[in-house]
Amino acid sequence: AAVSSHTIQIERPIEDVFAVLTDVTLTGPWFPLEVEEWWLTPPPHAVGSVRRARASVLGRSAENDAVVTAYEPPRLAAIRGTPPRSPFEATLRLAPADGGTRVDVDIEMLLGGVLRPIGALFGRWYGGLWERGLVALKRMMEAGEL
């Protein structure tokens with residue numbers, strides 16, 4: 001498994017940060033991949049809801065679904081992705097911190113098949129995307145763009 005953990009503080013109230021991070025339709029502007037996400041299940045979104053993502057990586061488009069496995073606003077949200085060769089779990093933990101919000105993101109990728117040999121390399125690459133994405137999210141939220 002490839003695991004990555006990331007932490008950032010965003011100078012916005014916890015409710016605002018949770019709302020942006022759990023609105024899958026807002027991922028595209030801050031995440032550094034060409035990605036589009038949408039819900040397959042109707043609102044309200046909670047445990048059991050399913051989102052679909054379409055990302056373009058190295059000129060190839062790929063889709064994956066993920067089911068919400070934890071949803072406790074405004075402190076915890078988690079999803080489990082179900083792509084056959086690269087299932088993953090992503091957990092968001094939020095906490096008030098010095099007038100803003102501390103965000104902890106943990107991602108575990110369970111790469112199999114042809115992807116297993118490049119698991120560590122892929123994990124570092126994907127973790128780097130999250131690092132850059134969280135910096136962009138912080139900038140955009142603190143500027144009032146999100």
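Worth saying up front: this structure is predicted, and the values here are computed from it rather than measured.
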- Residues passing the salt bridge (charged side-chain N to carboxylate O under 4.0 Å, His left out) test with Arg52, sequence neighbours excluded, are Glu63, Asp65
- Message: My understanding is that only residues two or more places apart in sequence, or in another chain, count here; which of them pass salt bridge (charged side-chain N to carboxylate O under 4.0 Å, His left out) with Glu15?
- Response: none
- Item | From Asp104, Asp106, Thr7, residue fulfilling side chain to side chain donor-acceptor pair (under 3.5 Å) relative to Arg93 | Asp106
Measure the shortest side-chain to side-chain distance between [X] and [Y] over non-hydrogen atoms and say whether it is less than 4.5 angstrom.
X: Pro87; Y: Arg80; value: no
X: Ile8; Y: Val135; value: yes
X: Met141; Y: Val20; value: yes

Which pair of heavy atoms, one from [X] and one from [Y], lies closest together, and at what distance?
X: Gln9; Y: Ala97; answer: NE2-O, 2.8 Å
X: Ile79; Y: Thr69; answer: N-OG1, 3.8 Å
X: His6; Y: Ser4; answer: NE2-OG, 3.1 Å
X: Leu33; Y: Ser56; answer: CD2-O, 3.8 Å
X: Phe88; Y: Ala66; answer: CZ-CB, 4.2 Å
X: Met109; Y: Tyr126; answer: SD-CD2, 3.7 Å

- Would you mind listing every salt bridge (charged side-chain N to carboxylate O under 4.0 Å, His left out) that reaches into residues 123-138, with sequence neighbours excluded? Lys138-Glu142
- Task: Hey, could you give me each pair passing salt bridge (charged side-chain N to carboxylate O under 4.0 Å, His left out) that has a residue in residues 16-32? Not counting sequence neighbours.
- Result: Arg12-Asp16
- Note on the structure: Hits for ring pair (Phe, Tyr, Trp, His ring centres under 6.0 Å) against Trp38, two or more places apart or cross-chain, chain-then-number order -> none
- Can you name the ring pair (Phe, Tyr, Trp, His ring centres under 6.0 Å) partners of Phe31, sequence neighbours left out? Trp130
At what distance, to the nearest 0.5 angstrom, does [atom1] of [X] lie from [atom2] of [Y]?
X: Arg75; Y: Leu92; atom1: CZ; atom2: CG; answer: 14.0 Å
X: Ile10; Y: Leu137; atom1: CD1; atom2: CG; answer: 4.0 Å
X: Thr27; Y: Glu36; atom1: OG1; atom2: CD; answer: 10.5 Å

- Task: Count the heavy atoms of every other residue, nucleotide or ligand shown that sit under 6.0 Å from CD of Glu34, and state whether that count exceeds 12.
- Result: no
Quick check on the hydrophobic clustering: are [X] and [Y] connected, directly or via other members, by side-chain heavy-atom contacts under 4.5 Å?
X: Val47; Y: Leu94; value: yes
X: Val67; Y: Leu21; value: no
X: Trp125; Y: Trp30; value: yes

- Task: Run the numbers on Arg51 and Asn64 for side chain to side chain contact (heavy atoms under 4.5 Å, CB included), then give the verdict.
- Result: CA-CA 8 Å; Arg51 76 97 179 101; Asn64 71 67; 2.8 Å; yes
- Under 3.5 Å donor-acceptor, Thr41 side chain and Val50 backbone: yes
